[in-house]
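First the proteins, then the strands, lettered A, B, ... as listed; each starts at 1. Quantities reported herein were computed from a predicted structural model and do not represent experimental measurements.
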There are 2 protein chains.
Amino acid sequence: MNEAFKALADPTRREILQLLREKSMNAGDIADHFKISKPSISHHLNLLKQAGLVMDERQGQHILYTLHTTVVEDVMGWMFNILNKKDKEESS
Amino acid sequence: MNEAFKALADPTRREILQLLREKSMNAGDIADHFKISKPSISHHLNLLKQAGLVMDERQGQHILYTLHTTVVEDVMGWMFNILNKKDKEESS
DNA sequence: TATACATTTAGATAAATATCTAAATAAGGA
DNA sequence: TCCTTATTTAGATATTTATCTAAATGTATA
């Protein structure tokens with residue numbers, strides 16, 4: 001989960017996740033939303049992929065990126081635990 | 001919220017937050033939980049403070065650090081939004 | 001006030017990261 | 001097969017970050 005936290009630390013990568021929340025997109029269309037170069041976006045996409053936050057699938061000439069929410073849920077779980085002082089203290 | 005995401009990206013800082021979830025602690029006691037130097041811990045505590053994730057309060061010779069959950073909730077909200085594709089799509 | 005303890009600040013350094021341009025790979029179509 | 005388009009990989013560079021030791025600051029107490 002450390003990789004996911006690190007991936008989420010960058011504003012560009014968070015914005016990519018927000019784009020993908022709406023719909024899956026290919027690398028080029030994602031890159032068009034930003035001012036930085038395509039190779040940089042490709043690098044960010046790779047980090048998101050390593051972190052398990054997105055999945056990629058080649059579709060002909062394009063590569064389609066899709067949000068993958070399992071790890072997001074894991075991170076949310078960690079955060080939720082922080083909010084609840086001592087998860088062992090009571091059960092009811 | 002960017003500072004909070006960046007603060008959460010470091011494993012030592014996340015561990016500090018987990019310590020403080022149990023109870024408020026002073027800088028020295030926090031540092032004793034780690035192998036790294038006190039100045040390094042002080043630096044991490046400062047970043048957590050800048051991010052709004054902890055608060056500090058001098059108590060005599062010691063400085064007491066306390067978890068501050070408002071920003072954690074903000075981050076959770078962001079994550080929650082990512083999980084729900086298109087928050088505008090329906091209301092019921 | 002002198003001393004000890006707790007913590008931070010200063011300054012240095014090594015490692016990690018974000019970004020770029022240029023080149024390579026992969027697929028589709030003439 | 002040749003050319004175009006889509007994307008990634010390689011390699012370089014500047015910035016940021018985590019860490020350290022040494023010094024400074026703040027508080028308590030003899």
Side-chain angles (χ1 to χ4, degrees), chain A residues 1-20 22-68 71 75 78, chain B residues 1-20 22-68 71 75 78:
Chain A
M1 210 159 55
N2 184 42
E3 272 182 315
F5 274 109
K6 288 206 290 182
L8 289 166
D10 184 88
T12 299
R13 288 193 290 266
R14 289 199 303 277
E15 218 174 313
I16 290 173
L17 293 179
Q18 285 183 306
L19 281 178
L20 295 181
E22 304 295 331
K23 65 172 192 303
S24 298
M25 293 174 72
N26 64 53
D29 288 349
I30 294 168
D32 288 344
H33 279 78
F34 299 91
K35 283 175 297 187
I36 63 184
S37 71
K38 282 179 204 295
S40 294
I41 294 295
S42 182
H43 175 240
H44 286 307
L45 287 170
N46 189 45
L47 291 182
L48 288 169
K49 192 169 85 175
Q50 297 313 123
L53 291 165
V54 304
M55 307 190 73
D56 65 342
E57 179 190 1
R58 178 170 280 277
Q59 292 201 334
Q61 222 169 349
H62 300 261
I63 293 176
L64 188 69
Y65 281 87
T66 306
L67 184 63
H68 188 58
V71 179
V75 172
W78 187 94
Chain B
M1 211 158 56
N2 184 42
E3 272 180 317
F5 274 110
K6 289 205 291 184
L8 289 166
D10 183 88
T12 300
R13 288 193 290 267
R14 288 199 304 277
E15 217 174 314
I16 290 174
L17 293 179
Q18 285 183 307
L19 280 177
L20 296 181
E22 304 295 331
K23 66 173 193 302
S24 297
M25 293 173 72
N26 64 52
D29 288 349
I30 293 168
D32 288 344
H33 279 78
F34 299 91
K35 283 174 297 187
I36 64 185
S37 70
K38 282 179 204 295
S40 294
I41 294 295
S42 182
H43 174 241
H44 285 307
L45 287 170
N46 188 47
L47 290 183
L48 288 169
K49 193 169 84 174
Q50 296 314 120
L53 291 166
V54 305
M55 308 190 73
D56 64 343
E57 179 190 1
R58 179 171 278 277
Q59 291 200 336
Q61 221 168 350
H62 300 261
I63 294 177
L64 188 69
Y65 281 87
T66 306
L67 185 63
H68 189 57
V71 179
V75 172
W78 187 93

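- Within the structure, salt bridge (charged side-chain N to carboxylate O under 4.0 Å, His left out) pairs that include any residue of residues 31-43 of chain B comprise B:Asp32-B:Lys38 (at least two apart or interchain).
- By the side chain to side chain donor-acceptor pair (under 3.5 Å) test, A:Asn2 pairs with B:Arg14, sequence neighbours left out.
- Every residue two or more places apart in sequence or in another chain that forms a side chain to side chain donor-acceptor pair (under 3.5 Å) with B:His62 is listed here: B:Asn26.
- Using a 4.0 Å cutoff on non-hydrogen atoms, the parts of residues 54-63 of chain B near DNA chain C are B:Gln61, B:His62, B:Ile63, ordered by number.
- For A:Ser37, the side chain to side chain donor-acceptor pair (under 3.5 Å) partners two or more places apart in sequence, or in a different chain, are A:Ser40.
- Pairs passing the salt bridge (charged side-chain N to carboxylate O under 4.0 Å, His left out) check and including a residue from residues 54-66 of chain A, sequence neighbours excluded, read A:Lys49-A:Asp56.
- Look at CG on A:Asp10: it is 13 Å from P on D:dT16, rounded to the nearest Å.
- Residues B:Leu8 and A:Val75 fail the side-chain proximity criterion, which asks for heavy atoms closer than 4.5 Å.
- Nucleotides of DNA chain C that come within less than 4.0 Å of any heavy atom of chain B span, from the 5' end to the 3' end, C:dC5 to C:dT9.
- Taking every heavy atom of residues 38-50 of chain B and every atom of DNA chain D, pairs under 4.0 Å involve B:Pro39, B:Ser40, B:His43, B:His44, B:Leu47, by number.
- A:Gln61 pairs by the side chain to side chain contact (heavy atoms under 4.5 Å, CB included) definition with nothing, not counting sequence neighbours.
- Residue B:Phe34 is classed as having no contact, given no heavy-atom separation below 4.0 Å to the nucleic acid.
- In terms of phosphate contacts, A:Tyr65 brings no side-chain nitrogen or oxygen within less than 4.0 Å of OP1 or OP2 of D:dA6.
- Partner of B:Met25 under the side-chain contact (heavy atoms from CB on, under 4.5 Å) criterion, chosen from B:Ile16, B:Thr66, B:Leu67, B:Ile30: B:Ile30.
- A:Asp32 has its CG atom 13 Å from the C1' atom of D:dT7, to the nearest Å.
- Each of B:Gly28 and A:Ile36 lies near DNA chain C, and the nucleotide nearest B:Gly28 is the one positioned closer to the 5' end.
- Here A:Asn26 reaches the OP1 or OP2 of D:dT7: one of its side-chain N or O atoms lies under 4.0 Å away.
- Residues passing the side chain to side chain donor-acceptor pair (under 3.5 Å) test with A:His43, sequence neighbours excluded: none.
- Among residues two or more places apart in sequence or in another chain, the ring pair (Phe, Tyr, Trp, His ring centres under 6.0 Å) test is passed with B:Tyr65 by none.
- Listed for the A:Arg13 side chain is no donor-acceptor partner under 3.5 Å among the backbone atoms of A:His44.
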